[in-house]
Amino acid sequence: MEENMKEEYSNQHRRWYDKDPVLSQAMSTLEHSDDDTQIRIALNLIKIIIEHNIENDKFESVEDIMSAVQSGQSDSRNGRWYDIDGTLKTAMTMLQNCPEATQSVIAKEMAKMVIDKIKEDDEGLE
């Protein structure tokens, strides 16, 4: 009995992106990146998510996607690390609203973007 309660508790308190280990890791790395990197990756994510959603016929146009995002944003909390910047918040809200299968695909692309950016920075230091 106690075990069930513990499991329920931990599931309720996980962040939405912690369900997918790749996404969780990419978000963690992104969280600790500098502002320019975060915004650049957020813009890329928005582009990728729009492409995926239009491909899946979930939305007809970019306007549909943006209005769905804005309606999702108005009632959301503002205490998360990505709420500081509008672009970042939009990208994360869009990602959160994607079906899990799409999130998983995008997580891999996002992880690749984050890794590429880190490599770029490392090369710049040499």
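Starting from 1, each residue takes its place in the sequence as its number. Computed from a prediction, not measured in an experiment: that's the story for all the values here.
Of all heavy-atom pairs between Glu31 and Gln38, the closest is O-NE2, 3.1 Å. Minimum heavy-atom separation, Gln96 to Tyr82: OE1-OH, 4.3 Å. Closest non-hydrogen pair, Ala42 versus Ala91, comes out as O-CB, 3.6 Å.
Rounding to the nearest 0.5 Å places NE2 of His32 at 13.5 Å from OG1 of Thr37. In this structure, CE in Met92 is found 5.0 Å from CH2 in Trp81, a value given to the nearest 0.5 Å.
Every residue two or more places apart in sequence or in another chain that forms a side chain to side chain contact (heavy atoms under 4.5 Å, CB included) with Asp85 is listed here: Ile39, Thr87, Leu88. Residues passing the side chain to side chain donor-acceptor pair (under 3.5 Å) test with Asp35: none are found, sequence neighbours excluded.
Here Val105 is tied to no hydrophobic group at all, with no ILVMFWY side chain closer than 4.5 Å. Summarising the hydrophobic clusters (Ile, Leu, Val, Met, Phe, Trp, Tyr; side-chain heavy atoms under 4.5 Å, direct or chained), the residues clustered with Ile115 are none.
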If you apply the rule side-chain contact (heavy atoms from CB on, under 4.5 Å), what do you find for Met113 with Leu45, and how did you get there? CA-CA 9 Å; Met113 280 189 264; Leu45 276 179; 3.9 Å; yes
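Annotation: side chain of Met94 is in contact with side chain of Ile46 (closest heavy-atom distance under 4.5 Å). Side-chain contact between Ser33 and Ile41: absent, with no pair of heavy atoms (C-beta onward) separated by less than 4.5 Å.
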Residues 20-30 side chain polar contacts: donor-acceptor under 3.5 Å, at least two apart:
residue, atom, partner, partner atom, Å
Asp20, OD1, Val22, N, 2.9
Asp20, OD1, Leu23, N, 3.1
Ser24, OG, Asp18, OD1, 2.8
Thr29, OG1, Gln25, O, 2.9

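Within the structure, every pair that satisfies the salt bridge (charged side-chain N to carboxylate O under 4.0 Å, His left out) test and touches residues 90-116, not counting sequence neighbours, is listed here: Lys19-Glu100, Lys112-Asp116.
Leu95 and Leu43 fall into different hydrophobic clusters, defined by Ile, Leu, Val, Met, Phe, Trp and Tyr side-chain heavy atoms under 4.5 Å apart, directly or through other members.
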